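Remember, it's a predicted structure, so these values are computed and weren't measured experimentally. Chain A is the first sequence line, chain B the second, and so forth, proteins listed ahead of strands; every chain is numbered from 1.
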Amino acid sequence: MMPASGKGVASVGKKAREPSKRGWAFAAAALVVVVVLELGLERMIPDSSIRQLLMLAACNVLVALSLNVINGMAGQFSIGHAGFVGLGAYTSAVVSAHLHEAMGGGEVTFAKSFVVVPIALLASAVVAGTFGYLVGLPSLRLKGDYLAIVTLGFAEIFRLLIATAQLGEKETIGEAAAKIGKDGVVGPFFHMLQVGITSLGGQNGYAGPKNQGLPLYAGPFWVFGLALVLGVLAYRLKFSGWGRALRALREDEIAAAAVGVDPTRYKVRSFVIAAVGAGIAGGLMAMNRDGTPTVQPDNYNFQASFDAITMVILGGSGSVTGAAIGGVLITFTVKAIEAVQSTRVVQDLKSSVPWLDLNALRMMLYAAVLIALMIWRPEGLLGERELFQKQKLRPLKLPKPSPDHPKPDEPDRAPAAAANEPAKPVVAAADEPAKSDGDEPEKGAPP
Amino acid sequence: MRVNHPTRAKAVLPEGAPLLEIADVRVSYGGIKALKGISMKVMAGEVVAIIGANGAGKTTTLKMLARLLPVDSGTVRFRGEDVRDVPTEEIVARGMSLVPEGRAIFPNLTVRENLELGAYLHRDKVTMAETMADVVELFPRLGERMVQEGGTLSGGEQQMLAIGRAMMARPELLLLDEPSLGIAPKLAAQIFKAIRTIAKSGVTVVVVEQNTRMALGSSERAYVLRTGEVALEGVSAVLAEDPEIQKAYLGG
């Protein structure tokens with residue numbers, strides 16, 4: 001066949017992906033905003049519970065964004081996301097508390113947060129990511145729902161290990177570690193693990209090595225800033241070659257393998273990315289400036305995993321902006337339900353009907369919302385689309401057929417000539433029903 | 001159609017050595033033996049058809065070649081190298097691309113995205129653009145439908161997309177699984193014409209097909225599979241005249 005003309009070829013593969021001036025302006029504006037929020041949020045919003053809610057919403061956005069990578073983009077069902085959030089929270093709590101001590105304690109300042117927060121979050125990311133790999137590798141090799149089962153088990157094991165630790169160990173973890181090798185290896189190793197887990201405070205929660213409360217270093221700068229940065233990253237990930245391969249894998253695993261995408265590697269990597277994101281979100285929750293100075297195992301129970309799934313499904317599975325919207329909506333809904341529960345009427349009702357379980361109210365509301373969603377908008381608020389989505393549909397500029405190179409073996413010429421007309425609007429082409437040569441367009445195809 | 005990817009040297013084979021050679025290959029699903037020791041040779045530049053009834057092992061053979069199914073025993077050599085235990089993505093990189101059965105395209109990705117994924121293993125943009133121009137030249141309809149989602153295409157167009165996607169990797173050997181399945185005869189003829197064009201440009205083709213007449217008409221040699229074994233093999237034109245074949249597969 002004849003070689004295509006150079007001009008047409010060049011325009012086919014061109015992509016405008018370079019960081020634009022607009023991008024830099026956006027980044028600078030975002031930086032100013034988060035610094036202003038860091039320094040002035042207290043004055044802007046004097047009510048600390050509202051500040052806490054806003055920061056929690058940003059953390060939940062991160063939870064939803066990360067879960068969206070594995071549940072939405074990769075199409076693998078993880079139902080133990082809170083386990084990784086909790087792992088990140090505990091890791092950041094331990095690391096930041098010890099760093100704080102090591103730096104001489106004292107005031108929690110914005111300046112010091114530039115040391116503590118990056119180190120603590122990095123630790124959270126590494127720990128959560130490592131566990132993500134260990135959990136994901138065996139379960140993602142298999143087809144089917146193994147990931148759901150394994151993640152659920154992982155999250156519950158994590159939570160129960162901490163919650164049920166028997167308090168009252170007198171040893172420190174260093175002393176326990178020193179015994180390894182002296183009186184055997186395996187026994188003392190598990191003893192050390194036990195001492196370590198016990199030092200996390202059991203059901204009461206972890207409040208630093210001396211039980212005096214965690215230093216809360218993550219102010220609005222970190223919380224909102226990271227939510228923004230990681231949100232942009234997730235968005236870019238979705239539209240990168242990597243994200244496209246992931247979507248291909250979700251749609252047809254055999255076809256994806258046939259073009260050279262290694263299914264297991266992609267799934268495991270996306271699961272690790274999800275775990276790392278969850279770890280960072282958990283770390284920010286633990287260090288949230290307006291949060292409580294403890295981390296508690298019950299914050300990371302199945303309910304929390306379920307909330308995360310609801311965020312993703314509500315916003316639209318696979319949509320990055322959808323996950324962010326879902327994260328905000330669910331955070332506010334949970335808060336609103338809590339507010340309703342503390343009203344006089346509901347309290348009176350509770351005292352007159354003692355068997356009434358108020359937590360059931362929340363679950364019922366959720367279930368109702370989800371059922372309604374499944375009926376009227378099964379793909380979630382946004383489906384797989386994005387807010388502010390740039391034109392995803394780039395038209396193809398074909399090389400012009402030159403008249404001195406006739407192509408006798410071309411199946412049909414007329415449509416090819418039509419496609420070469422540059423004036424042909426893209427949208428019209430997309431809306432046009434497929435011309436049929438006797439065979440019908442596929443049934444069940446999206447409109 | 002420009003063939004063979006610039007990053008991959010064309011196979012240098014000794015005189016008379018086949019591009020693809022499988023010997024005594026056995027494959028089973030659980031306890032069921034799907035291939036009971038089949039042997040085949042495909043020379044570079046040939047178009048070879050694999051025909052046979054349902055369940056004869058045609059699709060299994062292709063899936064086995066694309067390394068989507070494990071081999072129990074036997075040897076598989078491609079470009080003179082043992083590829084029995086090479087993973088799928090590596091086999092694609094080495095120049096063997098499969099068009100899976102049933103038009104396995106990515107329905108929610110646009111036609112362009114589908115094609116770009118075909119070049120997934122080598123993302124050199126210039127080569128990708130050239131190859132895409134070639135694919136569009138081969139299937140002008142895909143050029144018109146570039147921005148549509150794959151799932152909105154008609155069946156025949158989806159098959160064109162699946163073939164185009166496989167060609168984006170610029171394979172040396174193209175494996176086609178039932179390209180005419182469920183497609184209107186007119187479009188099927190077009191697709192077979194395109195397959196001949198691909199073959200003429202130097203790509204070796206192995207096509208599995210239930211439409212025996214079409215398969216024998218557009219291939220040079222053919223293997224007839226029957227319950228996991230090679231029942232007959234030979235020059236397609238000769239097989240088409242074989243009374244047994246005519247009786248069993250050509251309705252004559």
Side-chain angles (χ1 to χ4, degrees), chain A residues 1-4 8-15 241 244-245 247-248 250-252 254-262 265 384 392-396 398-399 401 407 409-413 415-420 424 426-427 429-430 432 434-442 444-447, chain B residues 1-2 66 68 87-89 92-93 97-100 104-110 112-113 116-118 120-121 123 125-126 128-130 132-134 136-141 143-149 151-158 162 165-166 169 183-184 186-187 190 193-194 197 201:
Chain A
M1 254 177 252
M2 67 147 214
V9 166
S11 62
V12 168
K14 203 161 49 179
K15 274 186 184 174
R244 195 169 53 205
R247 281 185 289 149
R250 189 192 56 194
E251 300 203 346
D252 194 321
I254 287 186
V259 298
V261 177
D262 179 350
R265 191 193 300 161
E384 213 189 319
K392 169 185 160 193
L393 311 170
R394 289 170 290 142
L396 175 80
L398 284 173
K407 284 173 262 175
D409 57 346
E410 196 140 293
D412 51 6
R413 296 281 308 131
N420 282 323
K424 186 157 188 171
V426 176
V427 182
E432 208 172 68
K435 280 187 207 114
S436 70
D437 274 20
D439 68 336
E440 292 300 308
E442 293 297 280
Chain B
M1 190 107 229
R2 276 156 288 209
L68 291 166
T88 304
E89 62 273 16
V92 178
S97 285
L98 168 72
V99 180
I105 55 150
F106 307 119
N108 290 319
L109 269 58
T110 63
R112 169 193 282 277
E113 286 179 313
E116 283 176 352
L117 269 163
Y120 166 79
L121 285 175
R123 295 181 200 171
K125 279 185 185 160
V126 177
M128 194 203 273
E130 282 176 5
M132 199 177 286
D134 283 350
V136 169
E137 197 183 321
L138 186 66
F139 297 118
R141 276 160 176 261
E144 298 165 60
R145 310 243 182 274
M146 233 12 149
V147 296
Q148 268 176 252
E149 286 184 355
T152 64
L153 301 183
S154 75
E157 288 167 342
Q158 291 192 9
R165 188 184 60 198
I183 292 173
K186 194 180 164 191
L187 276 180
Q190 261 185 36
K193 199 170 170 185
T197 309
S201 63

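- In this structure, chain A has a heavy atom under 4.5 Å from the side chain of B/P100, while its backbone stays farther away.
- The minimum heavy-atom distance linking A/V259 with B/L121 is given by the pair O-CG, 4.0 Å.
- When all heavy atoms of A/A248 and B/L117 are compared, the closest pair comes out as CB-CD1, 3.3 Å.
- Looking at B/L68, only its side chain comes within 4.5 Å of chain A, counting heavy atoms on both sides.
- Considering CZ of A/R247 and CG of B/N108, their distance stands at 9.0 Å, rounded to 0.5 Å.
- Annotation: the span from A/R250 atom CZ to B/F106 atom CZ amounts to 11.5 Å, rounded to 0.5 Å.
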Begin from the C-alpha positions of B/I105 and A/D252 and carry the test side-chain contact (heavy atoms from CB on, under 4.5 Å) through to its verdict. CA-CA 7 Å; B/I105 55 150; A/D252 194 321; over 6 Å; no
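- A/E251 and B/P107 make their closest contact through OE1-N, 2.8 Å (heavy atoms, listed as atom of the first residue, atom of the second, distance).
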